[in-house]
Protein chains: 2
Amino acid sequence: MDKQQILSKNQQIIFDIIEKAKEPIKAYSILFNVQKKGIKAPLQVYRALDKLVEIGKIHKIESRNSFVACKNSNCQISKATAFSICESCEEVSEISDNKLSKYLESFQNKAGMKFKKYNLEFFGLCKKCSVK
Amino acid sequence: MDKQQILSKNQQIIFDIIEKAKEPIKAYSILFNVQKKGIKAPLQVYRALDKLVEIGKIHKIESRNSFVACKNSNCQISKATAFSICESCEEVSEISDNKLSKYLESFQNKAGMKFKKYNLEFFGLCKKCSVK
DNA sequence: TACATAATGTTATAATATAACATTAATTAA
DNA sequence: TTAATTAATGTTATATTATAACATTATGTA
Ligand SMILES: [Zn+2]
Ligand SMILES: [Zn+2]
Ligand SMILES: [Zn+2]
Ligand SMILES: [Zn+2]
């Protein structure tokens, strides 16, 4: 429940950038943004990203290779994530829907595999783009 | 409903390899496999992959950057896909579950965005790996 | 045939991500 | 409070994934 976590220097710098960004942001765009702060190598960015994903402060949008800050207090440490993605303007929102997450968390496939995690990405046109 | 489609030479070669593979296969692994058949450049592979995804003969496993043949006659032209992924052995299966797809196809988020497509990836341990 | 569209071939390069190894900082436990 | 352990950082090089740009050939259609 409690996501509180002390971030290291690089983790904090990189998290701040992702949180301030209004749209998903890519690793090398983050790298470009933090070079003035002394983070010079891709690996420094990727390590911070890995950790931030692990502790659920950010999520990776897999279909876009980009990252967003978590907007959802109950996506249990990044184990259950759902997003809507506009295929026109690329706007991404994290979906917070209790019924949906309950449904997916309890989903059992025929092979009886027990799931620990899921990621769901919906694609379509956002309201703005669908009137154009 | 009818996925029948005549494939071009490169598309057929690449589809055959993906279909024969028992596990998800990556673009450059496909490239390696088809070099003896005269397909020499990444772009030739990626173009065939794009087309095969578009017509629903294969799907991309986004979290793995790999491709599998569709095993499911009713995942309407790749618009609605769900997979289970074992985090230990990386086995991937396409989930075919009518209730799940009905549920997700009719899902409406709060922003009222109309979805045309979704992709869902479940992660866990397959039966084999969970007894280890 | 002629026109349009789809697919192919080719070279170069962009974008995304990790390996390997050395060093420093923070945490834990004797 | 020091030693041991673990987490984070720094750095260089390289691996992996994907697309741009342009020329050519094949296929479908009027
Ligand atoms: Zn979240
Ligand atoms: Zn939009
Ligand atoms: Zn399918
Ligand atoms: Zn397994």
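Just so it is clear: chains get the letters A, B, ... in the order the sequence lines come, proteins before strands, and each one is counted from 1.
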| Does the distance from a Lys or Arg side-chain N to an Asp or Glu carboxylate O, for A/Lys116 and B/Glu87, drop under 4.0 Å? | yes
| field | Sub-4.0 Å heavy-atom contacts from residues 25-46 of chain B onto DNA chain C, ordered by number | value | B/Lys40, B/Ala41, B/Leu43, B/Gln44
Quick one: [X] [atom1] to [N] [atom2], roughly how many Å, whole number?
| X | N | atom1 | atom2 | answer |
| --- | --- | --- | --- | --- |
| B/Arg64 | D/dT17 | CZ | P | 13 Å |
| A/Gln12 | D/dA8 | CD | C1' | 15 Å |
| B/Arg47 | C/dG9 | CZ | P | 9 Å |
| B/Leu52 | C/dA6 | CG | C1' | 14 Å |
| A/Lys51 | C/dA26 | NZ | P | 15 Å |
| A/Ile6 | D/dT6 | CD1 | P | 20 Å |
| A/Ile55 | D/dA7 | CD1 | C1' | 13 Å |
| B/Asp50 | D/dA18 | CG | P | 10 Å |

| query | Do B/Gln108 and B/Lys114 come within less than 4.5 Å of each other through their side chains, counting heavy atoms only? | reply | yes
| said: Do A/Ile55 and A/Leu7 have side chains that approach each other closer than 4.5 Å (heavy atoms only, starting at C-beta)? | reply: yes
| message | Quick check: is B/Ile58 connected to B/Tyr28 through a chain of hydrophobic side chains (ILVMFWY, heavy atoms under 4.5 Å apart)? | response | yes
| request: Treat each ILVMFWY residue as a node, draw an edge where side-chain heavy atoms are under 4.5 Å apart, and state whether B/Val53 and B/Ile61 are in one component. | output: no
Establish, with yes or no, whether the OP1 or OP2 oxygen of [N] is under 4.0 angstrom from a side-chain nitrogen or oxygen of [X].
| X | N | answer |
| --- | --- | --- |
| B/Asn65 | C/dA17 | no |
| A/Ser8 | D/dA7 | no |
| B/Lys60 | D/dA18 | yes |
| A/Lys9 | D/dG10 | yes |

| request: Taking all non-hydrogen atoms of both residues into account, name the closest pair between B/Ala27 and B/Val45 and its distance. | output: O-CG1, 3.7 Å
| task | Hey, could you give me each pair passing side chain to side chain donor-acceptor pair (under 3.5 Å) that has a residue in residues 13-22 of chain B? Not counting sequence neighbours. | result | B/Gln12-B/Asp16
